[in-house]
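Letters A, B, ... mirror the listed sequences (proteins, then strands); counts begin at 1.
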There are 2 protein chains.
Amino acid sequence: MVDDAHLRLMERVFQALASTPRRKILAYLAHAELSAGDIAARFEMSKPAVSQHLSVLENAGLIASEKRGQYVFYRLLPDTLANVLNGYVQEVCPVSRPLKAESRTIAE
Amino acid sequence: MVDDAHLRLMERVFQALASTPRRKILAYLAHAELSAGDIAARFEMSKPAVSQHLSVLENAGLIASEKRGQYVFYRLLPDTLANVLNGYVQEVCPVSRPLKAESRTIAE
DNA sequence: TATTTAGTTAAGTAATTTCTTATTTACTTA
DNA sequence: TAAGTAAATAAGAAATTACTTAACTAAATA
């Protein structure tokens, strides 16, 4: 049951990440909290299209929204991303590999 | 130029991972090298469908194939997965987070 | 209170993805 | 060499995804 929930979350996360605009949105939110309009302004596509991308990311637990007055602000939820991706790397890569990569990073 | 190639690879990797059957194939290959038929036998879908999934994974640099006699054997290329996912986590998550997760793992 | 601004929801279309079956290629063995 | 097995390619149907514009809701301001 719990594991099944985890699989469904993983499914939604990988689905969410399979889109260049959505990965771009996450990159923007890594540096600052932004309103829906701030985000839409950085893309060529229409506002509803961006709004839909934001829903996908929110349903995957990758971002959270908060309405303040007229605006809706979005912020990154870095734990979901880190947990799902690190978890998957460790599941697939014979343990030593990801650790080595991280050790290198830690060493820097 | 180099960075553009990196972005195209990332694009293909996330695209490849956005499919449950393909993530399952990677999990199988994490434990052993398998022939195309061995892999197809583990799924309900037709062999050509599995073959197409294998192409997607191979084009993303996540697996490699080698023909030996009548069979084509597939094996995981763990570096691509680890590099792309770790790289992305670090790009998006304010550095501390993935390191902490890995430190915990290393501590075990 | 009427208008403007920010954002989402709805409905429909275009593009892409994921399957299927049929065909083809390459190797093995009777 | 003929027959059988393993796998990929081809062609097309069905399902999903990613957009568009139009309509709607909520908050701010004149």
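Between dA8(D) and Y74(B), a contact under 4.0 Å exists linking OP1 or OP2 to a side-chain N or O.
S35(A) comes within contact range of the sugar-phosphate backbone alone, with a heavy-atom separation under 4.0 Å but no base atom that close. Among the atoms of the strands shown, base atoms are found under 4.0 Å from some heavy atom of A49(B).
E58(A) has its CD atom 12 Å from the C1' atom of dT8(C), to the nearest Å. Atom OH in Y71(A) sits about 17 Å away from atom C1' in dT25(D), given to the nearest Å. Rounded to a whole Å, the CZ atom of R22(B) is 12 Å from the C1' atom of dC19(C). Atom CE in M45(B) sits about 19 Å away from atom P in dA14(D), given to the nearest Å. When rounded to the nearest whole Å, the span between CG of N59(B) and P of dT18(C) equals 13 Å. dC19(C) atom C1' lies 14 Å from atom CD1 of I25(B), rounded to whole Å. Here dT8(C) presents its P atom at 14 Å from CD of E66(A), a figure rounded to the nearest Å. F43(A) has its CZ atom 14 Å from the P atom of dG7(C), to the nearest Å.
Mapped onto DNA chain D by nearest heavy atom, K67(A) and E44(A) fall at different nucleotides, with E44(A) at the one closer to the 5' end.
Between R8(A) and D4(A) there is a salt bridge, since at least one side-chain N of the basic residue sits less than 4.0 Å from a carboxylate O of the acidic one. Using a cut-off of 4.0 Å between Lys/Arg side-chain N and Asp/Glu carboxylate O, E33(A) and R68(A) are scored as salt-bridged.
Of the candidates dC19(D), dA8(D), dA18(D), dC19(D) carries the atom nearest the Q52(A) side chain, counting heavy atoms from C-beta on. Picking from dT8(C), dA6(D), dA6(C) the nucleotide with the shortest atom distance to the side chain of Q70(A) gives dA6(C). Minimum atom distance to the side chain of H53(A) is reached by dC19(D), of the listed dC19(C), dG7(C), dC19(D). With distances taken from any side-chain atom of S46(A) to the nucleotides dT20(D), dA26(C), dA8(D), the minimum falls on dT20(D). Which of dA7(D), dC19(C), dT8(C) sits closest to the side chain of K47(B) comes down to dA7(D). You'll find that the side chain of Q15(B) is closest to dT17(C), out of dC19(D), dC27(C), dT17(C). Checking dA8(D), dT20(C), dA18(D) against every side-chain atom of S19(A), the shortest atom distance belongs to dA18(D). Here dA8(D) is the nucleotide among dA8(D), dT20(C), dA22(D) with the atom lying nearest to any side-chain atom of S51(B). Among the nucleotides dA22(C), dT5(C), dA7(D), the one closest to any side-chain atom of P48(B) is dA22(C).
Side-chain atoms of L29(B) and I39(B), non-hydrogen and from C-beta on, do get closer than 4.5 Å to each other. Looking only at side-chain heavy atoms (C-beta outward), F43(B) and I25(B) come within less than 4.5 Å of each other. I63(A) places a side-chain heavy atom less than 4.5 Å from the side chain of L57(A).
Residues G69(B) and K67(B) share a closest heavy-atom pair of O-CE, 3.3 Å.
dA23(D) and dT8(C) make up a base pair, with Watson-Crick or G-U wobble contacts both under 3.5 Å.
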